[in-house]
Amino acid sequence: MPELPEVETIKNDLLPWVKGHRFSQVAILDARIIARGSVEDFCQGLIGQTVTALDRRGKYLLFHLSDNKCLIIHLRMTGVLLLDSGNSGRYTRAVFHFSNGRRIVFNDRRRLGLMWLSNSADPTISKLGPEPLSEDFTPEMLSKRLANHQIPIKAALTDQSIIAGIGNMYADEALFGAGIHPLKRANSLSSTEIYTLFRWIQRTLQAAIQSQGASVNTYLRPDGQQGTAHFQFRVAHRGGEPCSVCSTPIERIEVRGRGTYFCPKCQRLG
DNA sequence: CTTGGGACCTGGCTGC
DNA sequence: TGCAGCCAGGTCCCAA
């Protein structure tokens with residue numbers, strides 16, 4: 001399930017293969033993958049365009065094009081982008097051919113992934129909260145953005161309009177590192193807790209990027225390799241296992257309909 | 001405005 | 001061995 005570190009890894013891996021190269025052909029095998037506009041307009045708008053830059057915003061991948069338009073891709077749960085994959089598989093939804101002979105295959109088992117052609121001021125992208133690893137993201141900014149929300153902190157961290165890029169796994173990991181209970185109200189954190197959480201958000205995401213993402217489900221890097229970030233997980237998907245700090249069994253609860261893992265001793269509510 | 005719940009999607013797992 | 005039913009979670013939509 002691609003979150004910020006996974007999309008960042010994909011961006012870094014794809015960059016040398018697409019930057020400066022031209023889309024020569026585009027095949028859409030499942031029309032549902034196109035979120036806006038027609039399949040025909042999508043293909044026509046892409047063919048002949050050169051990729052001038054590759055970027056990431058939250059969990060979105062942005063291919064900047066020579067006509068100042070932008071190809072936006074979201075992989076959702078099970079989407080993968082594979083370089084030079086062999087034959088199109090059962091789950092192939094789209095294939096991008098480039099002028100250098102390379103191709104990118106978009107596979108997606110659950111058909112939740114989406115893409116569309118936009119300009120640089122896309123409404124979906126502009127609604128996103130700040131990038132947690134950017135230089136202007138500060139504990140003060142985090143505090144301000146949490147201030148008018150009394151939802152559980154776990155839900156606030158995965159709300160893309162509050163902070164961009166954090167999903168279910170990394171929210172659990174950051175909260176464990178900071179020793180904060182996932183059900184604690186977002187606007188009830190002390191300034192010390194805010195600062196600690198800020199540090200752990202950055203540390204967790206940076207460590208996961210170093211490990212090229214977490215392959216807990218179907219995530220693969222464009223060359224087909226797995227990431228290794230999940231080996232460092234201390235609570236995510238570790239229900240019942242002993243806490244690495246205090247040996248208390250990791251608990252699983254549901255927060256806003258999402259599986260949430262935490263240590264009931266290291267992360268107290270009261 | 002915020003909040004919470006449901007919908008979407010489908011392979012894999014569990015239990016009978 | 002077959003199969004029903006549940007689970008995974010990112011995002012959108014709608015009602016309160």
Side-chain angles (χ1 to χ4, degrees), chain A residues 1-10 28-37 56-62 72-81 89-94 106-116 118 122-129 131-132 144-175 182-189 204-205 208 213-220 226-227 229-230 233 235-240 250-262:
Chain A
M1 36 208 92
E3 303 180 26
L4 186 154
E6 288 73 32
V7 181
E8 180 72 15
T9 301
I10 292 167
I28 303 301
L29 286 74
D30 181 352
R32 275 185 283 180
I33 201 171
I34 307 297
R36 298 178 202 162
R56 179 193 58 73
R57 184 75 174 87
K59 304 170 191 171
Y60 294 84
L61 198 54
L62 311 175
I72 302 179
I73 298 183
H74 196 301
L75 299 169
R76 294 281 185 97
M77 297 298 297
T78 54
V80 290
L81 295 174
R90 180 179 166 194
Y91 306 117
T92 299
R93 313 298 176 199
F106 188 160
N107 288 348
D108 187 8
R109 238 170 40 184
R110 285 167 62 181
R111 296 183 203 263
L112 290 165
L114 293 171
M115 58 186 184
W116 68 95
S118 182
D122 186 87
T124 300
I125 302 299
S126 54
K127 275 179 208 148
L128 294 172
E131 284 292 322
K144 244 180 208 171
R145 299 193 71 84
L146 295 177
N148 45 0
H149 293 284
Q150 53 179 343
I151 54 174
I153 184 63
K154 164 70 186 286
L157 289 182
T158 56
D159 184 330
Q160 302 302 297
S161 67
I162 297 176
I163 315 175
I166 301 174
N168 210 37
M169 304 182 297
Y170 295 111
D172 284 356
E173 288 300 308
L175 286 171
L183 286 176
K184 183 147 192 171
R185 303 272 166 188
N187 60 359
S188 74
L189 270 61
T204 303
L205 295 175
S215 291
V216 293
N217 203 345
T218 55
Y219 163 75
L220 294 174
Q226 296 198 334
H230 51 295
F233 283 173
V235 289
H237 299 108
R238 293 195 184 279
I250 300 302
E251 273 186 25
R252 179 192 179 277
I253 58 173
E254 208 161 278
V255 180
R256 288 287 258 280
R258 296 295 174 255
T260 299
Y261 300 89
F262 72 107

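Letters A, B, ... mirror the listed sequences (proteins, then strands); counts begin at 1. This structure is a prediction, so every number in the text was calculated from the model and none was measured. FYI, side chains are in, hydrogens and waters are out, and symmetry mates aren't considered; it's all heavy atoms of this structure.
Taking Phe233(A) as the reference, Tyr170(A) meet the ring-ring contact (aromatic ring centres under 6.0 Å, His included) condition, with sequence neighbours excluded. Looking at residues two or more places apart in sequence or on another chain, you find a side-chain contact (heavy atoms from CB on, under 4.5 Å) between Ser161(A) and Asp159(A). Remark: His74(A) engages Tyr60(A) in a ring-ring contact (aromatic ring centres under 6.0 Å, His included) (not counting sequence neighbours). For Arg32(A), the salt bridge (Lys or Arg N to Asp or Glu O under 4.0 Å) partners at least two apart in sequence or on another chain are Asp30(A). Listed by chain and residue number, Arg36(A) satisfy the salt bridge (Lys or Arg N to Asp or Glu O under 4.0 Å) test with Asp122(A) (two or more places apart in sequence, or in another chain). Not counting sequence neighbours, the partners of Ala155(A) by the side-chain contact (heavy atoms from CB on, under 4.5 Å) test are Ile151(A), Pro152(A), Arg256(A). Every side-chain contact (heavy atoms from CB on, under 4.5 Å) that Leu114(A) has, sequence neighbours left out, goes to Ala35(A), Arg76(A). Under the rule for a ring-ring contact (aromatic ring centres under 6.0 Å, His included), Phe106(A) has no partner lying at least two apart in sequence or in another chain.
Within the structure, a side-chain polar atom (N or O) of His74(A) is placed less than 4.0 Å from OP1 or OP2 of dT11(C). A close approach under 4.0 Å does not occur between any side-chain nitrogen or oxygen of Lys59(A) and OP1 or OP2 of dG9(C).
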Quick test: give all pairs of protein nitrogen or oxygen and nucleotides 12-16 of chain C nitrogen or oxygen below 3.5 Å, distance rounded to 0.1 Å.
none

Please write out each protein N/O paired with an N/O of nucleotides 10-12 of chain B under 3.5 Å, distance rounded to 0.1 Å.
{"from": "dT10(B)", "atom 1": "OP1", "to": "Arg111(A)", "atom 2": "NE", "distance (Å)": "2.3"}
{"from": "dG11(B)", "atom 1": "OP1", "to": "Arg90(A)", "atom 2": "NH2", "distance (Å)": "3.1"}

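Considering only heavy atoms from C-beta on, Tyr219(A) stays 4.5 Å or farther from Met1(A) through its side chain. The shortest distance between side-chain heavy atoms of Lys154(A) and Asn168(A) falls below 4.5 Å. Contact annotation: the side chain of Ile72(A) approaches that of Ile125(A) to within less than 4.5 Å [non-hydrogen atoms, C-beta and beyond].
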Worked verdict on Leu75(A) versus Ile10(A) for side chain to side chain contact (heavy atoms under 4.5 Å, CB included): CA-CA 11 Å; Leu75(A) 299 169; Ile10(A) 292 167; 3.5 Å; yes

Which letters describe nucleotides 1-6 of chain B, given B = protein heavy atom under 4.0 Å from base, S = only from sugar-phosphate, - = neither? -SSB--

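Between the CD1 atom in Ile28(A) and the OG1 atom in Thr92(A) there is a gap of 11.5 Å [rounded to 0.5 Å].
Across all strands shown, Met1(A) has heavy atoms under 4.0 Å from sugar-phosphate atoms exclusively, and none from any base.
Less than 4.0 Å separates DNA chain C from at least one heavy atom of each of the following residues of residues 161-172 of chain A: Gly167(A), Asn168(A).
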